[in-house]
Amino acid sequence: MISINTNIGAMAAIQNLASTKRDLQTTQNAIATGKSVASAKDNGAIWTIANKMTSDVMAYNRVRESNDRAGAILDTAIAAGESIMELLNEMKGKALAASQPGLSAGSQAALNADFIQLRDQITNVIANASFDGANLVGASPASAVSLGDASGGNNITVAGANLSLGGSTITVTASSAIDTATNATTALGLVNTSITNLGTQLATWGAGAKRFEVHRTFVAKLSDALNTGIGAITDADLSKESAKLQSLQVKQQLGIQALSIANSSAQSALSLFR
């Protein structure tokens with residue numbers, strides 16, 4: 001039946017053209033953005049999952065920054081501790097030399113002067129061992145704290161230690177001197193105790209620094225894994241999209257021709273009246 005009011009062929013062609021246009025727009029968007037799921041309209045469930053993973057990646061970036069800061073604070077404390085250890089080693093030599101009997105007054109005084117300078121330098125080292133306002137070796141030591149995960153829990157904490165003179169770690173006092181053989185012997189004992197205590201503390205801090213390093217590596221790998229997962233579910237396969245684009249363009253052209261043919265079919269009604 002020929003009808004000029006109802007053109008079924010044209011309607012079908014228009015519907016196919018509209019469908020092709022939607023598919024073509026989707027493919028062009030995928031090529032332009034590089035993503036098969038660029039918004040919630042593309043695939044709500046996948047977009048939500050990817051958005052949550054992206055949020056976790058951003059959070060782990062903050063964890064890594066926190067870890068770097070805590071590591072720098074701890075490295076500063078370790079550097080200060082190692083410097084103090086060097087001073088104690090020199091002080092030990094001075095105290096040992098000053099403890100021998102029969103030392104001349106001049107030699108005793110010279111050794112004592114050197115000892116005092118080394119002793120006071122410990123205080124200077126402690127005063128300058130701060131990073132971003134945190135001092136792990138002062139009289140009221142801070143702690144190096146790093147975020148542990150994306151939820152803000154499981155923090156990693158390495159406690160500081162008071163390395164001030166006369167404390168529990170550095171038992172050498174602010175008045176320790178080697179001006180006599182007797183005082184030198186006493187000072188030598190305090191220096192030896194301080195060396196032992198500080199060595200233990202540096203070993204503890206060294207283990208803490210290693211823990212920060214391991215966690216930093218883990219967080220970096222975790223972020224990479226999350227980014228890979230996000231790409232796997234949202235990135236477009238450009239080789240497939242390119243082939244699909246060419247196919248849809250041909251399909252669109254054929255749809256236009258089909259519509260043209262369908263529209264011209266109504267013209268055949270005129271031949272019936274000639």
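Side chains are part of it too, since the values below use all heavy atoms of this structure and drop only hydrogens, waters and symmetry mates. Everything numeric here is computed off the predicted structure, so don't read it as measured data.
- Note that CD1 of Ile170 is 10.5 Å distant from OG1 of Thr123, once rounded to the nearest 0.5 Å.
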- Task: Carefully, step by step, assess Asn183 and Phe115 under the rule side chain to side chain contact (heavy atoms under 4.5 Å, CB included).
- Result: CA-CA 12 Å; Asn183 288 341; Phe115 183 90; over 6 Å; no
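- Among all heavy-atom pairs drawn from Ile46 and Val37, the shortest one is CG2-CG2, 3.9 Å.
- A distance-only check finds no donor-acceptor pair linking the side chain of Ser164 to the backbone of Gly167 [under 3.5 Å].
- Looking at heavy atoms from C-beta onward, Thr76 lies out of side-chain contact with Leu136 at the 4.5 angstrom threshold.
- At a threshold of 4.0 Å, the pair Arg62-Glu65 counts as salt-bridged, since one of the basic side-chain nitrogens sits closer than that to a carboxylate oxygen.
- With Gln121 as the partner, the side-chain contact (heavy atoms from CB on, under 4.5 Å) test is satisfied by one option alone out of Ile116, Leu87, Ile126: Leu87.
- Considering OG1 of Thr185 and CG of Leu96, their distance stands at 9.0 Å, rounded to 0.5 Å.
- Taking 4.5 Å as the limit, every side-chain heavy atom of Asp120 sits out of range of all side-chain heavy atoms of Asn124.
- Counting heavy atoms from C-beta outward, Arg69 and Ile73 have side chains that approach closer than 4.5 Å.
- Asp56 and Lys52 are joined by a salt bridge, as a carboxylate oxygen and a charged side-chain nitrogen come within less than 4.0 angstrom of each other.
- Closest approach of Phe212 to Gly71, counting heavy atoms only: CD1-CA, 4.0 Å.
- Of the possible donor and acceptor atoms, one in the side chain of Trp205 sits under 3.5 Å from a partner among the backbone N and O of Ala159.
- No continuous path of ILVMFWY side-chain contacts below 4.5 Å connects Met58 to Val219, so the two sit in separate hydrophobic clusters.
- Judged by distance alone, the side chain of Thr54 and the main-chain N or O of Ala50 form a donor-acceptor pair under 3.5 Å.
- Checking side-chain atoms of Asn162 against main-chain N and O of Thr169 turns up no donor-acceptor pair under 3.5 Å.
- Ser194 contributes a side-chain N or O that, together with a main-chain N or O of Thr171, makes up a donor-acceptor pair within less than 3.5 Å.
- In the hydrophobic clustering of ILVMFWY residues, with side-chain heavy atoms under 4.5 Å counting as a link, Leu118 and Val125 come out together.
- No side-chain N or O of Asn67 forms a donor-acceptor pair with one of Arg64 less than 3.5 Å apart.
- Atoms CG and OG, from Asn128 and Ser83 in turn, are 10.5 Å apart once rounded to the nearest 0.5 Å.
- Put simply, CG on Asn192 and CG on Asn197 are 11.0 Å apart, with the number rounded to the nearest 0.5 Å.
- Using modelled atom types, one side-chain atom of Asn227 and one backbone atom of Ser223 make a donor-acceptor pair closer than 3.5 Å.
- Using a 4.5 Å cut-off on side-chain heavy atoms (C-beta onward), Ile122 and Leu88 make contact.
- Ser66 places a side-chain N or O within 3.5 Å of a backbone atom of Leu147 that can act as its donor or acceptor partner.
- Both Val172 and Leu202 belong to a common hydrophobic cluster when Ile, Leu, Val, Met, Phe, Trp and Tyr are linked at side-chain heavy-atom distances under 4.5 angstrom.
- Closest approach of Asn112 and Ala177 over heavy atoms only: OD1-CB, 3.4 Å.
- Counting all heavy atoms, side chain and backbone alike, Ala98 lies closest to Leu103 at CA-CD2, 3.9 Å.
- The side-chain heavy atoms of Thr173 and Ser176, taken from C-beta on, include a pair separated by under 4.5 Å.
- Side-chain N/O atoms of Asn154 and Asp149 include a donor and acceptor closer than 3.5 Å.
- Between the Gln100 side chain and the Ala97 main chain, a donor and an acceptor come within less than 3.5 Å of each other.
- Closest non-hydrogen pair, Met85 versus Leu198, comes out as N-CD2, 3.6 Å.
- For the atom pair Leu222 CG and Tyr60 OH, the distance stands at 4.5 Å (nearest 0.5 Å).
- From Asp75, atom CG reaches atom CD of Glu213 across 9.5 Å, with rounding to the nearest 0.5 Å.
- Side-chain contact between Ile84 and Val137 is absent, with no heavy-atom pair separated by less than 4.5 Å.
- Considering every non-hydrogen atom in both Val158 and Gly208, the closest pair reads CG2-CA, 3.8 Å.
- Counted by atom type alone, Glu86 and Asn89 present zero donor-acceptor pairs between their side chains at under 3.5 Å.
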- Show the numbers, then the answer: is there a side chain to side chain contact (heavy atoms under 4.5 Å, CB included) between His215 and Val63? CA-CA 10 Å; His215 191 63; Val63 171; 4.0 Å; yes
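- No side-chain heavy atom of Met91 sits under 4.5 Å from any side-chain heavy atom of Lys94.
- The hydrophobic clustering, which links ILVMFWY residues whose side-chain heavy atoms are closer than 4.5 Å, places Leu165 and Leu188 apart.
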